[in-house]
Amino acid sequence: MNEQGSQRRVVIVGGGFAGLFAARVLRRAPVRVTLIDRRPHHLFQPLLYQCSTGILSEGKIAVPLRDLLRKHKNADFVLAEVTGIDTDGRRVLATRPLGDQLEFGYDYLIVAAGVQQSYFGHDEFAQWAPGMKTIEHALIIRRRVFGAFELADTAVDPAERSRWLTFALVGAGPTGVELAGQIREVATKTLRAEYRHIKPEDARVLLFDGGDAPLAPFGPELSAKAARTLDKLGVEQHMHSIVTDIDATGLSVRAQDGTVTRHEAGTVLWTAGVAAPPVAAAIAAATGAKQDRAGRIMVGDDCTIPDHPEIFVTGDVMSLNKFPGVCEVAMQAGIYAGKRIKHEVAGKMPTKPFRYHDLGSAAYLSRGRAVVSVGRVHLSGFLAWVIWLFIHISFLTGFRNRLGALVSWWPAFVRDVRRERTYTTEQVGLVHSAYDVLPPSAAGPAPSATGTEPSSRAG
Ligand SMILES: Cc1cc2nc3c(=O)[nH]c(=O)nc-3n(C[C@H](O)[C@H](O)[C@H](O)COP(=O)(O)OP(=O)(O)OC[C@H]3O[C@@H](n4cnc5c(N)ncnc54)[C@H](O)[C@@H]3O)c2cc1C
């Protein structure tokens, strides 16, 4: 057997923060790494809202995984959706775009599949209220936000015009707050001088949340400051509000006293709630792992599934000690899993459990205003905004993107210019996923010689 053939096989499911950082740690280890992702890029989710509101292009917040792995001589990238695992045969089962089945043998498995948007049992809301998790979402939101002003401009009926100028956001966490502030800034600054039949600054932004205050996880002090900043921006905050229905022309909301109010809104965006992707349930079923209420896989303090020391679960899809779903947890867990494998392969038995070092959190409110919470230090206003800028620049993956982001931020922050406002008038959201199995006539070229028989890779 040649050296490569004798090396242990590590399969990583997901090229987000957890998966990518695990692959980086394993770069020089004597293992063969296969990173499988259903998308071709690593995405910097914290700046999705800037992509959807015209500040950054999609290429500035997403980098091809092949590009990121090009110097990893021991790593291969595969574009496919993992559907399950066979623990006895140690095989990962996947579907490639257009529907063929693939298999990958593993000695170690790192599950880093992240989470997806949850509509709390109302998946039917998704067709009217896109979430904010992927590039597809950001581009749909960009089209809906900028498209709404166009439809308002040509609307003859005042009620219709007012509907298109009303934007409703569900969820007052960081993403909802950031999007709400951005839409008001688009309306009051960027678009202000561009329309002749409407006043873009008349746009109403309604923010709904079932909790007491926006940005609740930042603590009462920063949360109150965020609420004041949103007020000044003109965002109408509706706390203690549960959304009961969404349709093509608006939403219905139940207040604390039980009254239900209908709000007409041309654009409804959903930023509340997350759930583990379907692959988490498949892996839990195959391994006997428990899942928490959001479907995340519960792991031991070494990030492995009980009785499966070869299967690590990292990042947002991992349920451990109520760690938050943030980049830092994902990166640190990915690094931990990678190091543990590296040590085991070298014949050292690692014993240290995973420890999360909390470096704090930050949220952008508007140009020049942010909130930052690091341990006991709570900051808001301009200083917090500068820290926010520094954090995001240092975490953006890839030098070109850092430089590109700085170049795009300059006109946006100094002159309110948003250069990335291009959108298509096609219904991007209705285009089918590459993993949907379509009738042969619609699916394009005939399937490969393997047909739907699984083909084996990496082992
Ligand atoms: C809008 C938004 C704003 C955010 N802002 C912040 C912030 O300011 N600060 C912060 O710390 N965190 C923030 N977060 C959270 C942060 O982005 C996540 O915690 C982090 O991305 C988690 O990394 P991960 O690797 O676990 O998952 P992800 O980054 O989500 O990566 C998971 C990968 O797995 C792939 N995948 C999923 N299922 C499969 C499958 N079946 N087969 C193959 N591949 C699969 C996906 O395509 C994806 O590439 C934000 C998140 C969002 C959505």
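Ligands are counted one by one from 1 in listed order, and the atoms in each one are counted from 1 as well.
The side chain to side chain donor-acceptor pair (under 3.5 Å) check on Arg367 picks up Asp416, with sequence neighbours excluded. In terms of the side chain to side chain donor-acceptor pair (under 3.5 Å) criterion, residue partners of Gln50 (sequence neighbours excluded) are, by chain and number, Trp409. For His122, the ring pair (Phe, Tyr, Trp, His ring centres under 6.0 Å) partners at least two apart in sequence or on another chain are Phe125.
Between Phe208 and Leu251, the closest side-chain pair of non-hydrogen atoms falls below 4.5 Å.
Between Asp67 and Arg70 there is a salt bridge, since at least one side-chain N of the basic residue sits less than 4.0 Å from a carboxylate O of the acidic one.
Contact detail for Phe218 and Pro174: the closest heavy-atom pair is CE1-CG, 4.1 Å.
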Which protein N or O atoms sit under 3.5 Å from any N or O of ligand 1? Give atom names and distances.
residue: ligand 1; atom: 11 (O); partner: Cys327; partner atom: N; Å: 2.9
residue: ligand 1; atom: 12 (N); partner: Cys327; partner atom: N; Å: 3.4
residue: ligand 1; atom: 17 (O); partner: Gln45; partner atom: OE1; Å: 2.8
residue: ligand 1; atom: 19 (O); partner: Asp316; partner atom: OD1; Å: 2.8
residue: ligand 1; atom: 19 (O); partner: Asp316; partner atom: OD2; Å: 3.2
residue: ligand 1; atom: 19 (O); partner: Gly325; partner atom: O; Å: 3.2
residue: ligand 1; atom: 19 (O); partner: Val326; partner atom: N; Å: 3.3
residue: ligand 1; atom: 19 (O); partner: Val326; partner atom: O; Å: 3.4
residue: ligand 1; atom: 19 (O); partner: Cys327; partner atom: N; Å: 3.4
residue: ligand 1; atom: 21 (O); partner: Gln45; partner atom: OE1; Å: 3.2
residue: ligand 1; atom: 25 (O); partner: Phe17; partner atom: N; Å: 3.0
residue: ligand 1; atom: 25 (O); partner: Ala18; partner atom: N; Å: 2.9
residue: ligand 1; atom: 26 (O); partner: Asp316; partner atom: N; Å: 2.8
residue: ligand 1; atom: 30 (O); partner: Gln45; partner atom: NE2; Å: 3.3
residue: ligand 1; atom: 41 (N); partner: Val82; partner atom: O; Å: 2.9
residue: ligand 1; atom: 42 (N); partner: Val82; partner atom: N; Å: 2.8
residue: ligand 1; atom: 44 (N); partner: Arg38; partner atom: N; Å: 3.1
residue: ligand 1; atom: 47 (O); partner: Asp37; partner atom: OD1; Å: 2.6
residue: ligand 1; atom: 47 (O); partner: Arg39; partner atom: NH1; Å: 3.0
residue: ligand 1; atom: 49 (O); partner: Asp37; partner atom: OD1; Å: 3.3
residue: ligand 1; atom: 49 (O); partner: Asp37; partner atom: OD2; Å: 2.6

